[in-house]
Amino acid sequence: MLKKIVVPLDGSKLAECALPYAEELATGGNTEEVILVSVTERVQGYRPVEEPKEPTGQTLVPEAVGKMNRQAQRYLGKIAKALEAKGVKVRTEVLLGNPAEEIKIFVDHHNVDLIVMSSHGRSGPSRWTHGSIAEKIFRSSCVPILMVRVPGCVIGI
């Protein structure tokens, strides 16, 4: 029933608390794949392009630059390798933009059956001042979500 499971990761150990749950679900059922997703900021840079009309022979063209993208790919690749060693079929995706929005768009367009993610467990004013990507995804997604509270979280309003 759970063919595709998405696990959003931000590079933190707290976010990785969701991995054992995704692994258990993937190895215990008919899951086709676990998709590890990370979202990086959109950073704009320029690259030279040869253009015969320009006197210098080249012009600068805007392009999204990828230092953060490459870091995210390496990070997800490391986690994917560990899951694959345990028999889980894994795919990785690095998205650009606002984390909550990009994860929602990805989930909506890829027939995802479940999102497994960690909540940092913030409560009260801390939650409102820092924002909560997990909460934004929870409120905007029509896909079921398994929300994992991280160790040491404080239960409260």
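These values consider heavy atoms only, across backbone and side chains, with no hydrogens, waters or symmetry-generated copies.
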Minimum-distance pair of heavy atoms, taken over all atoms of Asn98 and Ala100: OD1-N, 3.1 Å
Between NZ on residue Lys4 and CZ on residue Arg91, distance to nearest 0.5 Å: 5.5 Å
Lys89 NZ to Thr31 OG1 distance, which is reported to the nearest 0.5 Å: 11.5 Å
Any Leu36 side-chain heavy atom under 4.5 Å of Leu19 side chain: yes
Show me, pair by pair, the donor-acceptor contacts under 3.5 angstrom made by side chains of residues 105-112, not counting sequence neighbours?
unit_1	atom_1	unit_2	atom_2	d
Asp108	OD2	Lys104	NZ	2.4
His109	ND1	Ile105	O	2.8
His110	ND1	Phe106	O	2.8

Within-4.5 Å side-chain heavy-atom neighbours: Leu146 and Leu25: yes
Nearest heavy-atom neighbours spanning Ala15 and Ser118: O-OG, 3.2 Å
Side-chain heavy-atom pair Pro99, Asp10 within 4.5 angstrom cut-off: no
Heavy-atom closest pair, residues Val7 and Ala18: CG1-CB, 4.3 Å
Between CD1 on residue Ile103 and NZ on residue Lys136, distance to nearest 0.5 Å: 11.0 Å
Pair Asn69-Gln73, side-chain donor/acceptor within less than 3.5 Å: yes
Heavy-atom pair of closest approach, residues Ala80 and Thr92: CB-CG2, 3.9 Å
Nearest heavy atoms of Gly97 and Val39, plus distance in Å: O-CG1, 3.2 Å
Separation of Leu76 CG from Ile35 CD1 (nearest 0.5 Å): 12.0 Å
OH (Tyr75) with more than 12 external heavy atoms under 6.0 Å: yes
Whether over 12 other heavy atoms sit under 6.0 Å from Glu33 CD: yes
Expected output: side-chain Ser119 to main-chain Arg149 donor-acceptor under 3.5 Å: no
Pairs meeting criterion salt bridge (charged side-chain N to carboxylate O under 4.0 Å, His left out) with involvement of residues 77-87, two or more places apart: Glu23-Lys86
Ile145 side, atom CD1; Arg139 side, atom CZ - distance, nearest 0.5 Å: 11.0 Å
Approximate separation, where rounding is to 0.5 Å, of Glu101 CD and Ile137 CD1: 10.5 Å
Nearest heavy-atom neighbours spanning Leu2 and Asp113: C-OD2, 3.8 Å
